[in-house]
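Below you'll find the structure, written out as structure tokens, and then a few comments.
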Amino acid sequence: MPSRLLDASKSHPLDFYSLKELPESYRWGPLDDPNGSTEPVPIINLDDPNARELIGHACKSWGVFQITNHGIPKRVLNDMEGTGKSLFGLPARQKLKAARPQDGVSGYGPARISAFFPKRMWSEGFTILGSPLQHARQLWPNDYRKFCDIIEEYQKEMNMLAGKLMWLILDSLGVSNQDVKRATSQKRPGPFEGSSGAIQLNSYPACPDPGRAMGLAAHTDSTLLTILHQSSGTSGLQVHHGRAGWVMVPPLPGGLVINVGDLLQILSNGQYPSVYHRAVVNRTQHRLSIAYLYGPGSGVRVRPIPKLVNNDHPPLYGPVTWSEYLEIKAKYFDKALSLIRPNNDKNKNNNENNNHNIKINGPIMVAKPKSVNVDSEAKILAALA
Ligand SMILES: C=C1C[C@]23C[C@H]1CC[C@H]2[C@@]12CCC[C@@](C)(C(=O)O1)[C@H]2[C@@H]3C(=O)O
Ligand SMILES: O=C(O)CCC(=O)C(=O)O
Ligand SMILES: [Fe+2]
């Protein structure tokens with residue numbers, strides 16, 4: 001079975017800027033409209049003395065919230081937005097010089113999850129993991145330093161904010177520094193030392209038939225948390241919220257959106273579930289969003305924090321590193337979380353409590369994931385055993 005990811009990067013829809021009608025290959029069918037009358041996604045001022053409790057409540061009941069007074073200078077956000085605009089504004093042949101390689105993560109192309117859907121998404125993306133230098137040279141051979149400086153500054157600022165948010169979130173769960181160190185098998189001093197993030201720039205051109213097109217299909221992020229900056233004035237992000245269905249998260253001037261990711265769902269033993277979200281498009285305006293996808297340092301295994309596990313709350317997930325999880329997600333998409341099963345030996349007599357784990361145990365243990373190299377395959381199987 002070829003990796004579905006390989007198919008994703010085969011051909012990229014570069015034609016949509018000039019299309020006057022929505023081609024069949026982009027037609028997802030009428031999208032369900034968000035219910036305008038529902039309560040809005042929580043907005044939390046980080047300077048509020050109750051920020052921790054408010055964050056805890058938002059993580060539990062929404063999996064998403066917007067923050068203000070986050071300390072990221074406006075200039076840093078503006079510079080990043082400007083860089084995104086000039087990147088997507090480059091001629092197609094220039095952007096393709098930095099195309100994401102078939103089995104790679106960084107570079108220009110459709111969203112990684114594209115291959116899981118029969119229809120194309122009305123967007124183009126650019127992913128930066130680690131140093132931006134190589135791609136910067138491909139895009140702007142004579143002027144790559146500026147791009148690198150802006151990306152590096154953004155990475156630094158976002159990394160600090162993400163660490164701060166993680167502490168507030170863990171604090172809201174009643175979890176201390178020490179508890180996290182144990183849960184993540186970290187040897188180094190700070191539990192979030194070495195944590196890093198990928199930057200995802202998303203560009204959604206104006207679309208002739210926005211009611212039938214999809215900017216970015218529904219997904220949860222494979223992260224601890226995601227910090228999203230949306231360009232001002234144009235809505236597009238929607239989150240799925242219980243019976244309310246799809247709820248719009250309009251850009252808030254000076255605000256940033258925080259999503260709970262799958263790894264935080266694991267760390268919190270299901271108390272803070274990751275949020276399903278998607279991006280819709282718009283007839284007249286181009287929209288840009290910039291996601292900082294934050295995860296643990298390489299080699300760090302994430303598992304439910306022991307303090308949150310007891311007889312009433314058995315572990316729902318087993319330990320997994322970020323790269324293992326990304327590989328599982330790349331193959332199994334929204335089944336990935338249910339495959340990170342706990343080591344059941346310890347809760348043999350707790351069988352009925354494990355019923356919520358979807359049992360896809362058979363296939364994953366026998367299937368030979370061809371796209372995964374042998375070494376990491378062994379690690380994944382060990383993590384799932
Ligand atoms: C660190 C990450 C997280 C990735 C994969 C890798 C780099 C790119 C990220 C995204 C960004 C766009 C949505 C998503 C669903 C996608 O297609 O690519 C994300 C995916 C995930 O959260 O699973
Ligand atoms: O464009 C958006 O608002 C959503 C982007 C997103 O979900 C992502 O990059 O993971
Ligand atoms: Fe996302």
Side-chain angles (χ1 to χ4, degrees), residues 4-5 7-9 34 41 63-64 66 81 84 88 100-101 103-117 120-130 155 158 162 195-205 214-232 234-240 246-252 255-265 274-282 285-298 320-337:
R4 309 206 66 168
L5 263 192
D7 304 338
S9 46
V41 167
V64 61
Q66 303 222 54
E81 209 178 305
F88 291 113
R100 186 184 299 126
D103 50 357
V105 175
S106 294
Y108 171 73
R112 250 167 75 111
I113 54 173
S114 298
F116 290 98
F117 299 90
R120 288 174 164 197
M121 298 179 204
W122 196 264
S123 60
E124 47 186 340
F126 196 93
T127 315
I128 302 160
L129 187 67
Q155 282 169 331
M158 287 290 154
S195 297
S196 63
I199 293 177
Q200 171 78 17
L201 293 135
N202 300 298
S203 166
Y204 307 93
M214 180 67 80
L216 184 58
H219 65 279
T220 59
D221 293 340
S222 314
T223 58
L224 285 166
L225 57 81
T226 301
I227 305 176
L228 186 83
H229 169 69
Q230 319 187 60
S231 60
S232 59
T234 315
S235 295
L237 174 65
Q238 296 181 343
V239 296
H240 203 265
W246 291 108
V247 176
M248 198 62 100
V249 190
L252 177 69
L256 290 167
V257 180
I258 311 300
N259 289 336
V260 171
D262 296 342
L263 297 182
L264 182 53
Q265 178 166 338
S274 57
V275 64
Y276 264 96
H277 56 284
R278 67 181 188 184
V280 297
V281 293
N282 171 307
Q285 276 162 309
H286 175 256
R287 175 172 176 268
L288 186 78
S289 75
I290 301 151
Y292 182 74
L293 300 132
Y294 182 71
S298 73
V320 68
T321 67
W322 197 12
S323 58
E324 286 164 355
Y325 189 73
L326 285 172
E327 293 199 56
I328 295 166
K329 186 81 166 238
K331 280 191 75 66
Y332 299 97
F333 190 45
D334 52 4
K335 307 275 182 300
L337 250 183

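Model, not experiment: these values are computed from the prediction. As the structure lists them, so they are numbered: ligands from 1, and atoms in each ligand from 1.
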**Prompt:** W322 heavy atoms, cut-off 4.0 Å: which ligand 1 atoms fall inside?
**Reply:** 1 (C)
**Asked** Relative to each other, are the rings of H240 and W246 parallel, tilted or perpendicular (30° and 60° limits)?
**Response** perpendicular
**Message:** Tell me if a side-chain donor or acceptor on E324 pairs with a main-chain N or O of T321 at a distance below 3.5 Å.
**Reply:** yes
**Prompt:** Hey, is ligand 1 close enough to I113 that some N/O pair sits below 3.5 Å?
**Reply:** yes
**Asked** What atoms of ligand 2 come within less than 4.0 Å of a heavy atom belonging to R287?
**Response** 1 (O), 2 (C), 3 (O)
**Request:** Find out whether H277 and V64 are in side-chain contact, i.e. whether some heavy atom of one side chain is under 4.5 Å from a heavy atom of the other.
**Result:** no
**Message:** Could you tell me if the side chain of N202 sits less than 4.5 Å from the side chain of S123, heavy atoms only?
**Reply:** no
**Item:** Atoms in ligand 2 with a heavy atom of A291 nearer than 4.0 Å
**Value:** 9 (O)
**Complete:** ligand 2 to Y204, heavy atom cutoff 4.0 Å, flagged ligand atoms 1 (O), 2 (C), 4 (C), 5 (C)
**Message:** Please list, in number order, the atoms of ligand 1 under 4.0 Å from a heavy atom of T127.
**Reply:** 7 (C), 8 (C)
**Request:** Evaluate the 4.0 Å heavy atom contact test for atom 4 (C) of ligand 1: does a protein atom fall under the cut-off?
**Result:** no
**Request:** Below 4.0 angstrom from a heavy atom of A111, which ligand 1 atoms are there? Numbered from 1 as shown, please.
**Result:** 17 (O)
**Asked** Can you check whether a protein heavy atom sits less than 4.0 angstrom from atom 1 (C) of ligand 1?
**Response** yes
**S222 N/O under 3.5 Å from ligand 1 N/O** = yes
**Request:** Report yes or no: does H219 contribute a side-chain atom to a donor-acceptor pair with the main-chain N or O of A217 at less than 3.5 Å?
**Result:** yes
**Fill in**
heavy-atom search around atom 6 (C) of ligand 2 in the protein gives L216 CD2, 3.5 Å
**Asked** Where does L326 meet ligand 1, judged by heavy-atom distances below 4.0 Å: at the side chain, the backbone, both, or neither?
**Response** side chain
**Where ligand 1 meets V105 - atom numbers and elements under 4.0 angstrom, heavy-atom basis** = 7 (C)
**Message:** Closer than 4.0 Å to some heavy atom of H277 - which atoms of ligand 2 meet that?
**Reply:** 7 (O)
**Request:** Please answer whether the main-chain N or O of L288 pairs with a side-chain N or O of S231 as donor and acceptor at a distance below 3.5 Å.
**Result:** yes
**Asked** Using heavy atoms and a threshold below 4.0 Å, how should the contact between V257 and ligand 2 be classified: side chain, backbone, both, or neither?
**Response** neither
**Message:** Just so I know, are the side chains of P205 and W122 near enough to count as touching, which here means a heavy-atom distance under 4.5 Å?
**Reply:** yes
**Prompt:** Quick one: does Q238's side chain have a donor or acceptor within less than 3.5 Å of a partner on R278's backbone?
**Reply:** no
**Asked** Are D334 and K329 within salt-bridge range, i.e. N to O under 4.0 Å?
**Response** no
**Protein heavy-atom partner closest to atom 5 (C) of ligand 2 - residue, atom, separation in Å** = N202 ND2, 3.3 Å
**Request:** Among all protein heavy atoms, pick out the one at the shortest distance from atom 13 (C) of ligand 1; state its residue, atom name and that distance to 0.1 Å.
**Result:** H219 NE2, 3.7 Å
**Message:** For the backbone of G130 and the side chain of Q155, can you confirm whether one donor and one acceptor N or O come within less than 3.5 Å of each other?
**Reply:** yes
**Request:** Take every heavy atom of H219, measure it against each atom of ligand 2, and state whether any distance is under 4.0 Å.
**Result:** yes
**Request:** Go through the steps for D262 and D221 under the test side chain to side chain contact (heavy atoms under 4.5 Å, CB included), then give the verdict.
**Result:** CA-CA 6 Å; D262 296 342; D221 293 340; over 6 Å; no
**Message:** Donor-acceptor pair, distance only, cut-off 3.5 Å: does the side chain of T234 make one with the backbone of R287?
**Reply:** no
**Request:** Taking only heavy atoms of Q200 into account, list the atoms of ligand 2 that are under 4.0 Å away from them.
**Result:** 9 (O)
**Asked** Under 4.0 angstrom from atom 20 (C) of ligand 1, is there any protein heavy atom?
**Response** no
**Item:** ligand 1 contact on R112 by region, counting heavy-atom pairs under 4.0 Å
**Value:** both
**Asked** Heavy atom of L293 under 4.0 Å from ligand 1?
**Response** yes
**Request:** Please report the shortest heavy-atom distance between W322 and L293, naming the atom on each side.
**Result:** CH2-O, 3.4 Å
**Prompt:** Between T226 and ligand 2, which residue portion shows a heavy-atom distance shorter than 4.0 Å: side chain, backbone, both, or neither?
**Reply:** neither
**Message:** Checking S289 against Q230: is there a side-chain donor and acceptor pair closer than 3.5 Å?
**Reply:** no
**Complete:** Between D221 atom OD1 and H277 atom NE2, the angle centred on the Fe ion (ligand 3) rounds (to 10°) to 90°
**Asked** Heavy-atom contacts under 4.0 Å between Y294 and ligand 1: side chain, backbone, both, or neither?
**Response** neither
**Complete:** protein heavy-atom neighbour closest to atom 10 (C) of ligand 1 works out as Q200 OE1, 4.3 Å
**Request:** Go through the steps to decide whether S106 and R100 satisfy the test side chain to side chain donor-acceptor pair (under 3.5 Å), and finish with yes or no.
**Result:** CA-CA 6 Å; S106 294; R100 186 184 299 126; over 6 Å; no
